[in-house]
Number of protein chains: 2
Amino acid sequence: MNKDKKPAAATPHMSSSHRAHAQLREQLLRSKFLPGQKINEVSLANELEISRTPLREALNRLVAEGLLLDRERGFSVPGLEPEVVFDLFQARVEIECATVRMACELAGPAELDALSAFLDESMSESPDASVDRLIELDIRFHDTIAELSGNKVLRQMLSNLNDRIHLVRWVAMEGRRERTQSQHREILDHIRAGDTAAAIAGMRGHILHRKEDILQAIKAAYGHVYTLSSA
Amino acid sequence: MNKDKKPAAATPHMSSSHRAHAQLREQLLRSKFLPGQKINEVSLANELEISRTPLREALNRLVAEGLLLDRERGFSVPGLEPEVVFDLFQARVEIECATVRMACELAGPAELDALSAFLDESMSESPDASVDRLIELDIRFHDTIAELSGNKVLRQMLSNLNDRIHLVRWVAMEGRRERTQSQHREILDHIRAGDTAAAIAGMRGHILHRKEDILQAIKAAYGHVYTLSSA
DNA sequence: TGCCGCATCAATGCATACAATCCGGCATAC
DNA sequence: GTATGCCGGATTGTATGCATTGATGCGGCA
């Protein structure tokens, strides 16, 4: 389905700054840092076993990606301001509706069959999969649609949004295990039926978008983060 | 209308890397560098009168913003690959349609009056304004709508897209001086009339989106760039 | 006891130094 | 004449050193 994409922190022959960027992105997604936390460059450089120069290059990239903030002095982890998280989810809805619409126009039967097969596999392993794994499958479904849209810019934007909402999405997944998969199936069926409007509507309803749901997920996210940090 | 926003390269009390970032962004928008050109760090650092360390931090940010590329060895300026430019414009259409729809729901009469007044001013100075100025006014109109959408993430994404298509948009503006302004007026009228569908349709038709138009603009862009470089 | 000033320290931002790698030219061999 | 291998310069990537600045803790004073 997609053979490309970087294996995150796998390849050992990258420059230090690229490795640091990949590792930090991973750690940020996994909430190794607390929301609002200040980044200490020396300690972080020691952990990553690099010097501050390539570390700072990685941090600067993460700032541009919205995964870190650039405070007056130094870097910090974004908080979970509800307005921002809400905007992120709203932006995601719009991007995904656009990509699914384009995918309706562009995707051929072979690609849709492949996506269907992917959903079958996903569902079979779904009951006892970890949340991490569920999120991975979830992201892959949506990313495949973005790929089928043929627009690399939108796909990249979606990837970035996925990174920035990762935590909230993670905690929200718990109560949505089954719904998620069946909704994916419905969306795909609409695409295959050529019913663009229904596919878009399905997508819009599928993504967390009601303010109260998001707020609740944010609260749960705080709980999750501080549980992790004390562990 | 919008009192915020950084004045780009104005404030002298920023860090070197921030200044460099602002200056380079400006220079990239103004096509000081050729498409595909490789960046020489020492010469650029000398020009900006800073050392390579903060320069590289700025370059890394620009890479994350899509304004530069990260080649095997060093940085380079993105080319004008038609597929990418087309994707950028397509993404812009989708974002702008989303923001105008949200603005229809959120914007109050006062804000729309202000936007209308802005259009009046723009039109009065339009006939003899420079292309730079026209682009500035154009961007401001669209950015204001994004602001009225209430979604800062989408607004930021639009700003980034504007940066990345700046050149092509610039050259395309020549043949569209009058059309642009009247279309802006139409879009605003639809918003004020509460006709969301018409506003979206107007926006969609307003933004460069036909492949042949974009291709032609890219060609003109090449001409413009190489004219600049020889001057 | 509470508050202010000062000194000490830690952390950032930047410049410089160093190492590794690549590119080009040139000579030499076939 | 072409291919090949080597050398020197140029350029990137990283580490280290230094200055500045904000934070912190402590002692004196009201």
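In what follows, chains carry the letters A, B, and so on, assigned in the order in which the sequence lines appear, proteins first and then strands, with residues in each chain numbered from 1.
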Is the B/Phe141-B/His184 ring centre distance short of 6.0 angstrom? yes
Ordered by number, residues from residues 35-46 of chain B within less than 4.0 Å of DNA chain C (heavy atoms) are none
Round to a whole Å and report the spacing from CG of A/Leu55 to C1' of D/dT14. 12 Å
I need the CG-C1' distance between B/Asn60 and D/dG13, as an integer number of Å. 11 Å
If the condition is side-chain contact (heavy atoms from CB on, under 4.5 Å), which residues does [X] pass it with, not counting sequence neighbours?
X        : answer
A/Leu106 : none
B/Ser43  : B/Asn40
A/Arg133 : A/Glu125, A/Ala129, A/Ser130, A/Glu136, A/Leu137
A/Lys219 : none

The complete set of salt bridge (charged side-chain N to carboxylate O under 4.0 Å, His left out) pairs with one or both residues in residues 72-92 of chain B, sequence neighbours excluded, reads B/Arg92-B/Glu96
For A/His224, side-chain hydrogen bond (donor to acceptor under 3.5 Å, both in side chains) partners two or more places apart: none
A correct 5'-to-3' footprint of nucleotides 14-22 of chain C, with B, S and - meaning base, sugar-phosphate only and no protein heavy atom under 4.0 Å, is SBB---BBS
Quick one: which residue pairs count as a ring pair (Phe, Tyr, Trp, His ring centres under 6.0 Å) with a foot in residues 41-87 of chain B, not counting sequence neighbours? none
